[in-house]
Amino acid sequence: MCAAFPPRGKGGGPEGSFMIASGLLAQGHEVRVVTVGDAAGVEQYKGVEVHIMRSPNVYWDYFFTKRPAALKMLWHVLENFNPRAYWRLRPHVKAFRPDVVMTVSIENINVATWLLARMHKVPVVHVIQSYFLACWRGGLFKNGANCTGQCGSCKVLSVGKKPMSHLVDGVFGETRFVVDQHLELGYFKHATSAVIPGPVFPIAGRVPKARDGKLVVGYMGVLAPHKGVDVLADAARLMGPNSNVRFLIGGTGEDEAYVASLREKFGDADVEFMGWVKPDDVYPLFDVLVVPSKWKEPFGRIVVEALAYGVPVICARSGGIAESIRENENGYTFASGQHDELITLLRDVLEPDEPARMRLAHNALQHSHRFDIGTIAARISDFVSATVASYKARP
């Protein structure tokens, strides 16, 4: 059960849910996906049976559309326990009779799902992909800075989520960081926990790109302050128009003023804003990907996607994103917000030394195999099976 499933919604959440479902199917499990959309129905998506229900809450929030403050507050209050979610999901549990209920991105699907499973004597596995359970904003990031814990409003608007999490039997996250963040805040007190990275689909015959001319530095993602694109812009501007580096920026932003300020921050650097682009179209253009996030990313699917294309990564040491990087093997890391360290890595390390960059690129492709969908799906299958066995063995 997940908040969004392709083709609805952009980003890593829906794609991650699809990969988990398709990977478990390939492992021989019978899978029914229940997700939320604008209209109820049943469809097939790349071999996966998808049951869509209309949002049990006052609206479907995956696209983060601006809403009136009062309606938004009501949405968040209901996310602590929504009885409509319980009753709308109940027919799926009764008809499918699952051996385990797995939840991914609990928004809209609602924490009431966990009580529903418990009432039908079905164990629950939850996959942590965000901070939604602990932070109503979803990022533990406020006023341009990372939160050191839960603020008062987050505690109030999570009052039902934490006790409901104690009904979960097994929980895994894509990085050690995001799992520990939840456990330290008192979530999932009775669950077995594990770290299982997000998977990627391997593509046979892929080879790293050889540099042709300027070093092409890429960015992919939302153009928003917490993503730290301004850090990359500062580095580019200070490197100047005469640097042998070109910047390709993939993504869009809702704050038009911020996007405009980014364009100005790049100054005279050789930069192109490409808008929303598909990974298959843009990764082959990159010599290196920069992930300059300021907020504590739970995982950063963008990092392992780049590795799978043979693109080395330079990322900020913030949250869990750096856990996928092997320093000086498939990329580099730098202190979050420090554009001077980023300049050093681009200008003094990668730009003048193509053999070293190609070594990183080949290692990136080789290291990406540990994130192959088959490998990760087998780990998820083993964890789910162990959780079910443990549940059945209880007195």
Side-chain angles (χ1 to χ4, degrees), residues 10-12 63-66 137-139 141-147 211-279 281-297 300 302-303 305-306 311-319 321 331-352:
K10 297 177 180 178
F63 289 108
F64 307 105
T65 305
K66 290 184 178 180
R137 296 178 181 87
F141 189 88
K142 182 174 67 173
N143 298 328
N146 287 294
C147 303
R211 179 176 165 185
D212 181 19
K214 289 186 175 183
L215 181 76
V216 179
V217 176
Y219 169 86
M220 284 280 283
V222 178
L223 304 184
H226 68 285
K227 287 292 189 177
V229 199
D230 55 295
V231 178
L232 179 59
D234 286 336
R237 184 185 69 257
L238 292 171
M239 291 174 71
N242 298 322
S243 68
N244 201 23
V245 179
R246 183 170 185 243
F247 298 88
L248 298 180
I249 310 301
T252 58
E254 293 182 358
D255 188 339
E256 295 181 2
Y258 176 75
V259 175
S261 71
L262 278 180
R263 293 178 181 273
E264 293 182 5
K265 274 204 168 194
F266 273 93
D268 295 328
D270 184 356
V271 60
E272 178 183 352
F273 283 77
M274 307 176 72
W276 192 269
V277 286
K278 295 180 179 179
D281 295 334
V282 73
Y283 278 119
L285 304 177
F286 295 165
D287 294 317
V288 62
L289 176 77
V290 173
V291 186
S293 292
K294 292 180 178 178
W295 78 300
K296 298 174 181 178
E297 296 258 12
I302 200 83
V303 174
E305 283 183 353
V311 178
V313 177
I314 300 176
C315 75
R317 293 188 294 273
S318 185
I321 52 175
Y332 297 100
T333 64
F334 66 99
S336 179
Q338 298 300 309
H339 62 263
D340 52 343
E341 289 188 33
L342 178 56
I343 289 173
T344 298
L345 291 170
L346 291 174
R347 182 179 60 197
D348 300 338
V349 177
L350 287 183
E351 192 280 320

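Keep in mind it's a predicted model, so treat the numbers as computed, not measured. Side chains are part of it too, since the values below use all heavy atoms of this structure and drop only hydrogens, waters and symmetry mates.
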*Asks:* What distance do S318 atom OG and H226 atom NE2 have between them, rounded to the nearest 0.5 Å?
*Replies:* 10.5 Å
*Asks:* Considering non-hydrogen atoms only, spot the tightest contact between V222 and V229 and give its length.
*Replies:* O-CG2, 4.0 Å
*Asks:* Quick check for you: to the nearest 0.5 Å, what is the distance between L262 atom CG and Y219 atom OH?
*Replies:* 9.0 Å
*Asks:* State whether the side chain of D230 and the backbone N or O of A233 hold a donor-acceptor pair below 3.5 Å, judged by distance alone.
*Replies:* no
*Asks:* If we only count heavy atoms from C-beta on, is the L345 to F334 side-chain gap below 4.5 Å?
*Replies:* yes
*Asks:* Mind checking salt bridge (charged side-chain N to carboxylate O under 4.0 Å, His left out) for K265 and listing every partner two or more places apart, or none if nothing turns up?
*Replies:* D234
*Asks:* How long is the gap from CG on D287 to NZ on K214, to the nearest 0.5 Å?
*Replies:* 12.5 Å
*Asks:* Taking side chain as C-beta onward, heavy atoms only, is L346 less than 4.5 Å from M239?
*Replies:* yes
*Asks:* Counting only heavy atoms not in N244, do more than 12 fall under 6.0 Å of its CG?
*Replies:* yes
*Asks:* Cation over ring, R263 on F273, under 6.0 Å and within 45°?
*Replies:* yes
*Asks:* Show every side-chain hydrogen bond (donor to acceptor under 3.5 Å, both in side chains) that has at least one partner inside residues 334-343, sequence neighbours left out.
*Replies:* none
*Asks:* Would you find more than 12 non-hydrogen atoms of other residues, nucleotides or ligands less than 6.0 Å from D212 atom CG?
*Replies:* no
*Asks:* Are any side-chain N or O atoms of S293 and backbone N or O atoms of G228, one a donor and one an acceptor, separated by less than 3.5 Å?
*Replies:* no
*Asks:* For the residue pair P352 and R347, what are the closest heavy atoms and their distance?
*Replies:* CD-O, 3.1 Å
*Asks:* Taking atom CD1 of I314 and atom CG of L350, what is their separation to the nearest 0.5 Å?
*Replies:* 4.5 Å
*Asks:* May I ask you to test the P225-Y258 pair for a side-chain heavy-atom distance under 4.5 Å?
*Replies:* yes
*Asks:* What heavy-atom pair brings E351 and R211 nearest, and what distance separates the two atoms?
*Replies:* O-NH1, 2.6 Å
*Asks:* Hey, could you give me the CD/CD1 distance between E297 and I302, rounded to the nearest 0.5 Å?
*Replies:* 9.5 Å
*Asks:* Minimum heavy-atom separation for R317 to T333, with atom names?
*Replies:* NH1-OG1, 3.1 Å
*Asks:* Y283 vs E305, test: side-chain contact (heavy atoms from CB on, under 4.5 Å). Steps then yes/no.
*Replies:* CA-CA 9 Å; Y283 278 119; E305 283 183 353; 3.5 Å; yes
*Asks:* Quick one, M274 and V282 - any side-chain contact, counting heavy atoms below 4.5 Å?
*Replies:* yes
*Asks:* Please give me the minimum heavy-atom distance between P292 and V231, naming the atom from each residue.
*Replies:* CB-CB, 4.4 Å
*Asks:* Determine whether D281 and K278 satisfy the following criterion, side-chain contact (heavy atoms from CB on, under 4.5 Å), listing intermediate values before the conclusion.
*Replies:* CA-CA 5 Å; D281 295 334; K278 295 180 179 179; 3.6 Å; yes
*Asks:* Is V313 close to V288 at the side-chain level, that is, under 4.5 Å between some pair of heavy atoms?
*Replies:* no
*Asks:* Hey, could you give me the CG/CZ distance between L248 and F286, rounded to the nearest 0.5 Å?
*Replies:* 5.5 Å
*Asks:* Could you check whether any side-chain N or O of N146 sits under 3.5 Å from a backbone N or O of K294, counting only pairs where one atom can act as donor and the other as acceptor?
*Replies:* yes
*Asks:* For L238 versus I343, what's the shortest heavy-atom pair and its separation?
*Replies:* CB-CD1, 3.8 Å
*Asks:* Could you walk me through whether L223 and I249 pass the side-chain contact (heavy atoms from CB on, under 4.5 Å) check?
*Replies:* CA-CA 9 Å; L223 304 184; I249 310 301; 3.8 Å; yes
